[in-house]
Amino acid sequence: MNEQEVNALLTRIRAAVDAVGEIRLMEVCGTHTVSLFRSGVKSMLPAGLRLISGPGCPVCVTSQGYLDAACEAAAREGVTVCTYGDMVRVPSRDGSLEQMRGQGADVRVVYSARDAVAFARNHPDRRVVFLAVGFETTTPPTAAAILEAHAAGLDNFLILPGHKRVMPALHALLGGTDLGLHGLLCPGHVSVILGSDAYRQIVEPYRLPCVIAGFEPRQLLLGIAHLCEQAARGEAKVENVYGVAVHPQGNPIALRWIEQIFQTAPAIWRAIGEIPDSGLALREPYARFDAVTELGLTIGPDYEPPGCLCGRIIQGLEEPLACPHFGASCTPMRPVGPCMVSSEGTCAAWYKYRRTDGLAD
Ligand code: SF4
């Protein structure tokens with residue numbers, strides 16, 4: 001993107017903001033939060049445009065009860081826990097998985113669910129528990145891994161079900177406290193799976209513009225420009241500026257895998273609580289892969305680390321600077337809550353970029 005394009009998009013955004021007075025947009029997804037900071041786009045935006053981070057960081061919305069169950073699994077004799085990287089550093093009731101590994105537990109970071117299946121295949125003496133977290137982007141790979149384990153007759157591969165669905169969470173968020181939003185910047189990767197038509201269920205009842213964008217600077221500016229212009233025109237519709245990857249109906253193969261392996265179930269979201277139909281449980285033919293029942297684990301109630309505002313931050317109710325721990329007792333090296341651990345966490349993004357982007361208070 002050249003300077004001329006940047007200036008043209010910024011001019012469109014400024015004109016719309018001037019017309020409305022103040023525009024408040026929520027970036028639903030943690031990848032957008034980090035991309036907005038990292039690319040410098042956030043620091044280019046006019047003062048009248050507020051960007052509010054939403055509940056789209058998968059590690060951040062995972063309940064403490066789930067993390068405690070993951071640690072309970074790791075403490076079992078003969079069990080190996082396989083997980084995506086950020087999960088190992090989130091503090092739980094008895095320390096983090098990383099700390100448990102230091103004390104001898106077998107905790108391994110994997111890059112995909114299939115890596116965990118491969119580990120299980122190569123270590124028949126171990127029971128392998130994969131921490132199945134994330135939204136619609138990571139659910140299809142988990143479904144594919146279960147299909148592979150099922151076909152191979154593996155009886156030592158399990159998952160700790162923790163996948164979440166974006167749409168029920170948006171309904172819960174928008175049906176609760178009025179955040180005065182003018183639109184949602186919707187995540188390109190989740191939308192690749194769900195399709196752009198899925199956002200009609202948000203646009204119509206809430207009269208809220210939804211624009212799907214990718215994560216490069218041009219995509220971010222274009223998505224924001226479209227949202228601001230809808231706000232200025234008083235419109236509410238779905239727009240997709242990431243048409244190269246997102247189609248109206250999404251990815252039918254990935255959706256079919258999800259449908260084959262999982263059924264909707266209630267899920268507990270950090271601080272938000274239980275949201276009906278926002279989670280995914282294994283369907284009966286695949287129930288033997290559920291670590292909760294197979295290992296007798298307990299997913300207890302959710303709770304916040306003392307003083308941590310992650311729950312309010314992921315609901316767009318606070319910004320990280322409101323937290324007394326921020327940058328003092330809570331840093332990426334010594335995180336108190338998941339928003340400071342995850343590479344997509346709002347606190348981590350603010351800690352890393354806010355102090356150098358010219359926006360410091
Ligand atoms: Fe939680 Fe740390 Fe963020 Fe405060 S700064 S909300 S303690 S993660």
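In each ligand, atom 1 is the first atom listed, and ligand 1 is the first ligand listed.
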**Q** Give a yes or no on this: more than 12 heavy atoms of other residues, nucleotides or ligands lie within 6.0 Å of atom CZ of Arg218.
**A** no
**Q** Taking 4.0 Å as the limit for heavy-atom contacts, which would you say applies to Cys308 with ligand 1: side chain only, backbone only, both, or neither?
**A** both
**Q** Once the angle between the rings of Phe215 and His32 is folded into 0 to 90°, is it parallel (under 30°), tilted (30 to 60°) or perpendicular (over 60°)?
**A** tilted
**Q** Checking a contact table here: which protein heavy atom is nearest atom 3 (Fe) of ligand 1, and how many Å away?
**A** Cys347 SG, 2.3 Å
**Q** If you count the atoms of ligand 1 from 1 in the order shown, which ones are under 4.0 Å from a heavy atom of Met340?
**A** 8 (S)
**Q** Out of all atoms in ligand 1, which are within 4.0 Å of some heavy atom of Val336? Include the element for each.
**A** 7 (S)
**Q** So if I count the atoms of ligand 1 from 1 in the order they appear, which ones are less than 4.0 Å from some heavy atom of Ile313?
**A** 6 (S)
**Q** May I ask you to check whether Cys323 brings an N, O or S atom to under 2.8 Å from atom 3 (Fe) of ligand 1?
**A** no
**Q** For Arg334, is the CZ atom crowded, meaning more than 12 foreign heavy atoms sit under 6.0 Å from it?
**A** no
**Q** List the atom of Ala232, the atom of Val20, and the distance in Å for their closest heavy-atom pair.
**A** CA-CG2, 3.6 Å
**Q** Numbering the atoms of ligand 1 from 1, which are under 4.0 Å from a heavy atom of Gly337?
**A** 8 (S)
**Q** Which option out of Cys310, Pro306, Pro320 puts a heavy atom nearest to atom 8 (S) of ligand 1?
**A** Cys310
**Q** Can you tell me which residue and heavy atom of the protein come closest to atom 6 (S) of ligand 1, and the distance to 0.1 Å?
**A** Leu309 N, 3.2 Å
**Q** Show, in sequence, the C-alpha distance, side-chain angles and deciding distance for Gln201 and His171, and conclude whether the side-chain contact (heavy atoms from CB on, under 4.5 Å) test is met.
**A** CA-CA 9 Å; Gln201 62 182 288; His171 281 295; 3.0 Å; yes
**Q** At what distance is the nearest protein heavy atom to atom 2 (Fe) of ligand 1, and which residue and atom is it?
**A** Cys330 SG, 2.3 Å
**Q** What I want to check is whether the side chains of Ser53 and Glu27 have a donor and an acceptor closer together than 3.5 Å.
**A** yes
**Q** Using modelled atom types only, decide if a donor and an acceptor are shared between the side chain of Tyr286 and the backbone of Gln260 within a distance under 3.5 Å.
**A** no
**Q** Which of the atoms in ligand 1, numbered in the order shown and given with their element, are less than 4.0 Å from a heavy-atom of Phe326?
**A** 5 (S)
**Q** Looking only at side-chain N and O atoms, does Thr80 offer a donor or acceptor that is under 3.5 Å from a partner on His123?
**A** no
